Undergrad: 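There's a structure below that I have some questions on.
What you see below is based on every heavy atom in this structure, not just the backbone, and it leaves out hydrogens, waters and symmetry mates. In what follows, every chain begins at residue 1, and chains take the letters A, B, ... in the order their sequences are listed. Note that this is a predicted model, so its numbers are computed, not measured.
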Number of protein chains: 2
Amino acid sequence: MRMDFAETFAETPMRQVLFGVLSVVSAMPGLSQGKVAEALGIRRANMVALVNELVDLGLIARTTDHRDRRAFSLSLTQAGEAMLHEALAQIRRHEDRMLENLTTTERSTLVNLLRKIHGSTSR
Amino acid sequence: MRMDFAETFAETPMRQVLFGVLSVVSAMPGLSQGKVAEALGIRRANMVALVNELVDLGLIARTTDHRDRRAFSLSLTQAGEAMLHEALAQIRRHEDRMLENLTTTERSTLVNLLRKIHGSTSR
DNA sequence: TATTGTTATACTCTATAACTATA
DNA sequence: TATAGTTATAGAGTATAACAATA
């Protein structure tokens, strides 16, 4: 999955982590830079360059928060929304290819069995 | 899996990549350093330090090949075999924990379904 | 001339500490 | 005093190029 994704966007400045940021910002527009970083397990210090990249690419907008002038509110630009939708379409294409040999019943059986697997670390 | 593994050997000089080397050398004793690197997708240049570490830890033996004096033949020491067995036992414990909620029938169904998934990249 | 192991080196990712401006 | 973002920096991991010894 990761390899297919990286290959698709290889000739592009986009990387998986940048799509992660776009995804969180899209789900919770207006969230602060630090909170987005926390949601993704990224250190605030390392978040700076990532946000700079996305702003430079015109994919997110960074505005100072009205109520806390230390913080930045992040939101997607139209180009950012379009880029995120492209990534989601790529993910769907990948899944379709992966699962092409399974019937609908087999797919749901697979999901049910996977759900029964014990998450020993983060769940 | 990776996290569980790393946690188990955290207070140890062992890392996943070193177990990878031990595993390949154990399966094909006498293989050259470069071939082991190739089997693991490691560059020859980066292999040097890894083999040095394992030799210093007393886990592998490095001898010059009789037929090609440029090459090193790698093989496991007794301590290396013991370390590899420890890792395999840890992997088995992890799998047992993961699959504790599945019956034998469910486990084989799961494996059969996973086998039907289309490998889009490396298979 | 080609190959094995080696060294030097650069680039990415990630982690910590210290700074600034606000709160 | 604490927090949000920033900067500088250090450590892994991994990539390439050039070299000596051997084929």
Undergrad: Rounded to whole Å, how long is the line connecting atom CG of A:Leu50 with atom P of C:dA15?
TA: 13 Å
Undergrad: In whole Å, what is the span from the NE2 atom of B:His66 to the P atom of D:dA23?
TA: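 Taking NE2 of B:His66 and P of D:dA23, I get 13 Å after rounding.
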Undergrad: Could you tell me how far apart A:Arg44 (CZ) and C:dA18 (P) are, to the nearest whole angstrom?
TA: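 Interatomic distance, CZ of A:Arg44 to P of C:dA18: 14 Å.
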Undergrad: If you find the nucleotide of DNA chain C closest to A:Asp68 and the one closest to B:Val51, which residue's nucleotide is nearer the 5' end?
TA: B:Val51
Undergrad: What is the distance, to the nearest angstrom, from the CZ atom on A:Arg67 to the C1' atom on C:dT22?
TA: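 Distance, rounded to whole Å: 16 Å.
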Undergrad: Which whole-number value in Å describes the distance from B:Leu31 CG to C:dG5 C1'?
TA: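 Spelled out: CG on B:Leu31 to C1' on C:dG5 is 15 Å.
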Undergrad: Using a 4.0 Å heavy-atom cut-off, does B:Asn46 contact any base of the nucleic acid, only the sugar-phosphate backbone, or nothing at all?
TA: base
Undergrad: Measure the distance from CD on B:Gln16 to P on D:dA12 and round it to the nearest whole Å.
TA: 17 Å
Undergrad: Report the nucleotide, chosen from C:dT6, C:dC13, D:dA23, that has the shortest atom-to-atom distance to any side-chain atom of A:Arg15.
TA: C:dC13
Undergrad: To the nearest angstrom, how far is A:Asp65 atom CG from C:dA23 atom C1'?
TA: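 Roughly 12 Å, once rounded to whole Å.
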Undergrad: Check whether the side chains of A:Asn101 and B:His118 place a donor and an acceptor atom closer than 3.5 Å, and report yes or no.
TA: no
Undergrad: I want to check something: taking the side chain as every heavy atom from C-beta on, are B:Leu59 and B:Leu76 in contact at a cut-off of under 4.5 Å?
TA: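 Counting from C-beta outward, B:Leu59 and B:Leu76 never come under 4.5 Å.
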Undergrad: Think B:Arg69 has a side-chain N or O under 4.0 angstrom from the OP1 or OP2 of D:dA23?
TA: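 Yes, within the criterion.
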Undergrad: Taking the minimum atom-to-atom distance to the side chain of B:Arg70, which one of D:dA4, C:dT3, C:dG5 wins?
TA: C:dT3
Undergrad: Figure out the CZ/C1' separation between A:Arg2 and C:dC13, and round it to whole Å.
TA: 14 Å
Undergrad: Between C:dA23, D:dG5, C:dT6, which nucleotide gets closest to the side-chain atoms of B:Gln33?
TA: C:dT6
Undergrad: Who pairs with A:Arg107 by salt bridge (charged side-chain N to carboxylate O under 4.0 Å, His left out), at least two apart in sequence or on another chain?
TA: none
Undergrad: Between B:Ser23 (side chain only) and B:Phe19 (backbone N and O only), is there a donor and an acceptor less than 3.5 Å apart?
TA: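 No, B:Ser23 side chain to B:Phe19 backbone: no donor-acceptor pair under 3.5 Å.
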Undergrad: Run the numbers on A:Arg2 and A:Glu7 for salt bridge (Lys or Arg N to Asp or Glu O under 4.0 Å), then give the verdict.
TA: CA-CA 8 Å; A:Arg2 257 185 297 122; A:Glu7 208 174 299; over 6 Å; no
